[in-house]
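One structure below.
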Amino acid sequence: MALEQVKKDLGPNAIILGNKQVSLSPHEAIVEVTAAVEPDSPQKPAAPQFPERDSQMQEDIQEIKGFLSLLISSKNYLTDLQTQKPIAEVYHGLLTRGFDEKQAYILLSKTLADLKGNCDDRKLMIDSFCRHLLERIKLTRPFQHVPAMRNSPSIFTFLGPTGVGKTTTLAKVAAHLKIKRQAKVGIISIDTYRIGAVDQLQTYASILGLPLIVAQSRKEFNIAAEQLKDLDVILVDTTGKNFLIRQHVDDLKLIFADENNIQNFLVLSATAKDADLKQTISHFRDMNVHSLVFTKVDETTTHGCIMNQLLRFPHPISYVGTGQRVPEDLELVTQKRLLSFLFSVKR
C-alpha cells in the first residue's frame with residue numbers, strides 16, 4: 001500500500017529507502033516513509049571506433065580460418081609432416097628460423113605431392129621446396145637503367161620506421177651510384193624530426209661530393225626537386241616515425257602528392273617482430289612501394305620474417321643491409337641469397 005502511494009505521488013521509478021514509526025501523541029502514531037526516484041540508467045557511452053584495428057582483426061581472423069580449413073582438409077599431409085623424419089626436420093627447422101607456419105605447411109605439402117610422398121632424399125625435397133618458394137617471390141633491380149637518357153631524374157624515397165637505417169642505406173646506394181655507375185646523384189632530406197639526421201647525411205654528401213637540399217614541407221620538396229632536375233637520380237631521406245600509426249603515412253603521402261615520378265623503398269629491420277613488420281607494410285599499401293629493403297640481417301638468426309613478408313605482400317625485394325660500412329655492406333638480393341636465410345647454401 002505504501003509503495004503504491006509513493007509511486008502514485010513520485011512516479012513509476014520511485015523506491016522506498018526506509019520507514020519509521022513517529023509518535024504524534026501517547027495515543028496516536030504514524031509511519032514515516034522515506035522515498036526517492038531512481039534515475040534512469042545512464043546510457044553506456046558508445047564504444048570507440050577503431051576502423052583500422054577492426055580491419056586488421058578481420059584480416060587476422062580470416063587468415064586463421066583459412067589455415068584451420070587447410071589443416072582439416074589435408075589431414076594426410078599433416079600426418080606425413082609429423083611422422084617422416086626428413087620432412088619433419090625441415091618443417092621444424094623452418095619454424096625455428098621464424099618462417100610462417102602456414103606458409104611452411106603449404107609449401108611442404110606441395111613438396112610431398114611432387115615427390116609422391118617419398119621424402120627419403122633430403123636434397124630433392126629441399127630443391128622442390130625452394131622451387132615452389134621462389135615461384136612466389138619477386139626480385140627487382142631498381143637502378144638497372146641508371147644513368148639513362150630521360151627528361152627528368154628518377155626519384156627514390158627511403159621510407160620506414162625510426163631506427164631501421166634509412167639514412168645509412170641511402171648513403172650506401174648513393175655511393176654505389178656515384179662511384180660504380182658514374183651517375184649524377186642528388187639528395188633531399190625531409191628528416192628534420194630526428195636530432196642530427198641532417199648532419200649525418202651532410203657528412204655522407206660531402207664525402208661523396210653530392211648536393212644536399214633540406215625540405216620541410218611539400219612546397220619546399222617540389223622546389224628542391226626542381227633545383228636538382230638535371231641529375232640522373234634524386235634520393236630522398238624521410239622522417240622515421242611510428243608507422244603503425246596510419247596518420248604518419250598520410251603525412252608522407254601529402255609531401256609527395258605532386259610528384260608522379262617517385263618510387264618508394266620501404267626500409268625495414270630484419271630484427272623486428274613478424275607481426276610488426278606485417279602491420280607496418282600494410283599501412284604503406286597506398287604508397288606505391290617499389291621494393292622492400294631489409295637491414296640488419298647480420299644481427300638476427302631468424303630470417304624467416306623476411307621471407308614471410310615477401311610471401312604475404314606483392315612487393316619485390318631489392319637490397320639487404322649486412323652492416324654499417326658504406327657502401328660495402330649493401331647487397332643486391334639474389335635467389336641464392338634468399339635461400340641462405342632458410343637453408344645452408346654455398347654462396
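This is a predicted model, so every value here is computed, not measured.
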Fill in: Val185 side chain reached by Asp232 side chain, heavy atoms, under 4.5 Å
no
In terms of heavy-atom contacts, Leu212 and Ala205 come closest through CB-CB, 4.1 Å
**Asked** Side chains of Val164 and Lys166: does their closest heavy-atom pair fall under 4.5 Å?
**Response** yes
Contacts satisfying salt bridge (charged side-chain N to carboxylate O under 4.0 Å, His left out) that involve residues 125-140 (not counting sequence neighbours) are Asp114-Arg131, Lys123-Asp127
Distance col, row Asp237:CG vs Thr157:OG1, nearest 0.5 angstrom, shows 10.0 Å
Shortest non-hydrogen pair, Tyr319 vs Pro142, comes out as CE1-CG, 3.8 Å
Applying salt bridge (charged side-chain N to carboxylate O under 4.0 Å, His left out) to Lys219 and not counting sequence neighbours gives none
### Query
Tell me, do Tyr91 and Leu107 make a side-chain contact under 4.5 Å, heavy atoms counted?
no
side-chain contact (heavy atoms from CB on, under 4.5 Å) filter on Ile179, not counting sequence neighbours, yields Ala175, Leu208
Heavy-atom nearest pair, Pro161 first then Thr280, reads CG-CG2, 4.0 Å
- Query: Is there a chain of hydrophobic side chains (I, L, V, M, F, W, Y, each step under 4.5 Å between heavy atoms) that links Ile137 to Ile281?
  - Reply: yes
For Thr168, the side chain to side chain donor-acceptor pair (under 3.5 Å) test, sequence neighbours excluded, returns none
*For side chain to side chain contact (heavy atoms under 4.5 Å, CB included), just list the numbers for Phe256 and Leu159, CA-CA rounded to whole Å, side-chain angles, deciding distance to a tenth of an Å, and then say yes or no.*
CA-CA 12 Å; Phe256 304 131; Leu159 314 174; 4.2 Å; yes
Residues 290-300 vs side chain to side chain donor-acceptor pair (under 3.5 Å), sequence neighbours excluded, gives Gln263-His290, Ser291-Ser318, Thr300-Thr302
Verify side chain to side chain contact (heavy atoms under 4.5 Å, CB included) between Asp121 and Met125, making sure each step is shown before the conclusion.
CA-CA 6 Å; Asp121 191 324; Met125 179 181 61; over 6 Å; no
Here the ring pair (Phe, Tyr, Trp, His ring centres under 6.0 Å) pairs for residues 296-318, sequence neighbours left out, are His303-Phe341
Requested in this report: Answer yes or no: is there a side-chain heavy-atom contact under 4.5 Å between Val233 and Lys184?
Outcome: no
Ring pair (Phe, Tyr, Trp, His ring centres under 6.0 Å) pairs touching residues 122-144, sequence neighbours excluded, are Phe129-Phe343, Phe143-Phe156, Phe143-Phe265
Interatomic distance, CG@Leu338 vs CD1@Ile306, rounded to 0.5 Å, equals 8.0 Å
Value for CG (Leu108) from CG (Leu94), rounded to nearest 0.5 Å, stands at 6.0 Å
Item to check | Lys172 with Glu328: basic N within carboxylate O range, under 4.0 Å | outcome: no
Across all chains, not counting sequence neighbours, the side chain to side chain donor-acceptor pair (under 3.5 Å) partners of Thr301 are none
ask   = Ignoring hydrogens and geometry, is there a side-chain-to-backbone donor-acceptor pair from Gln202 to Val198 under 3.5 Å?
value = no
Exercise. Is the side chain of Arg218 donor-acceptor paired with the backbone N or O of Leu252 at a distance under 3.5 Å, no angle test?
Worked result: no
When you compare the side chain of Val293 with that of Val320, does any pair of heavy atoms fall below 4.5 Å?
no
Here the gap from His283 atom NE2 to Lys278 atom NZ, rounded to the nearest 0.5 Å, amounts to 11.5 Å
Here the salt bridge (charged side-chain N to carboxylate O under 4.0 Å, His left out) pairs for residues 314-327, sequence neighbours left out, are Arg325-Asp329
Here the pair of heavy atoms bringing Ser189 nearest to Leu201 is CB-CD2, 3.8 Å
All heavy atoms of Leu231 vs all of Pro211, minimum pair found to be CD1-CG, 4.1 Å
- Query: So, Arg337 versus Thr334: side-chain donor-acceptor pair below 3.5 Å or not?
  - Reply: no
- Main-chain N/O of Met287 paired to Asn264 side chain as donor or acceptor, under 3.5 Å: yes
Notebook entry, point to check: Counting distance only, does the side-chain N/O of Arg97 pair as donor-acceptor with the main-chain N or O of Gly304 below 3.5 Å?
Noted result: no
### Query
Leu134 and Met307: same hydrophobic cluster, using ILVMFWY side-chain contacts below 4.5 Å?
yes
Contacts of Lys178 meeting side-chain contact (heavy atoms from CB on, under 4.5 Å) (sequence neighbours excluded), chain-then-number -> Leu210
So CD of Glu226 and CD1 of Ile223: to nearest 0.5 Å the spacing works out to 9.5 Å
Before giving the answer on side chain to side chain contact (heavy atoms under 4.5 Å, CB included), spell out for Leu139 and Arg141 the whole-Å C-alpha distance, their side-chain angles and the decisive distance to 0.1 Å. CA-CA 7 Å; Leu139 308 181; Arg141 304 288 182 265; 3.9 Å; yes
| Counting distance only, does the side-chain N/O of Ser128 pair as donor-acceptor with the main-chain N or O of Leu124 below 3.5 Å? | no
Sequence neighbours excluded, the answer for salt bridge (charged side-chain N to carboxylate O under 4.0 Å, His left out) partners of Asp274 is Arg312
- Item | Lys273 side chain near Leu277 side chain, heavy-atom distance below 4.5 Å | no
Can you confirm whether Ile207 sits close enough to Val326 that some side-chain heavy atom of one is under 4.5 Å from a side-chain heavy atom of the other?
no
The side-chain contact (heavy atoms from CB on, under 4.5 Å) partners of Ile213 (sequence neighbours excluded) come to Ala224, Gln227, Leu228
- Phe221 and Val236, any side-chain heavy atoms less than 4.5 Å apart: yes
For Ile188 and Ala215, the nearest pair of non-hydrogen atoms, with its separation, is CG2-CB, 4.2 Å
OG1 (Thr322) and CD (Glu331) are apart, to the nearest 0.5 Å, by 5.0 Å
Can a donor-acceptor pair be found, under 3.5 Å and without considering hydrogens, that links the side chain of Gln103 to the backbone of Phe99?
no
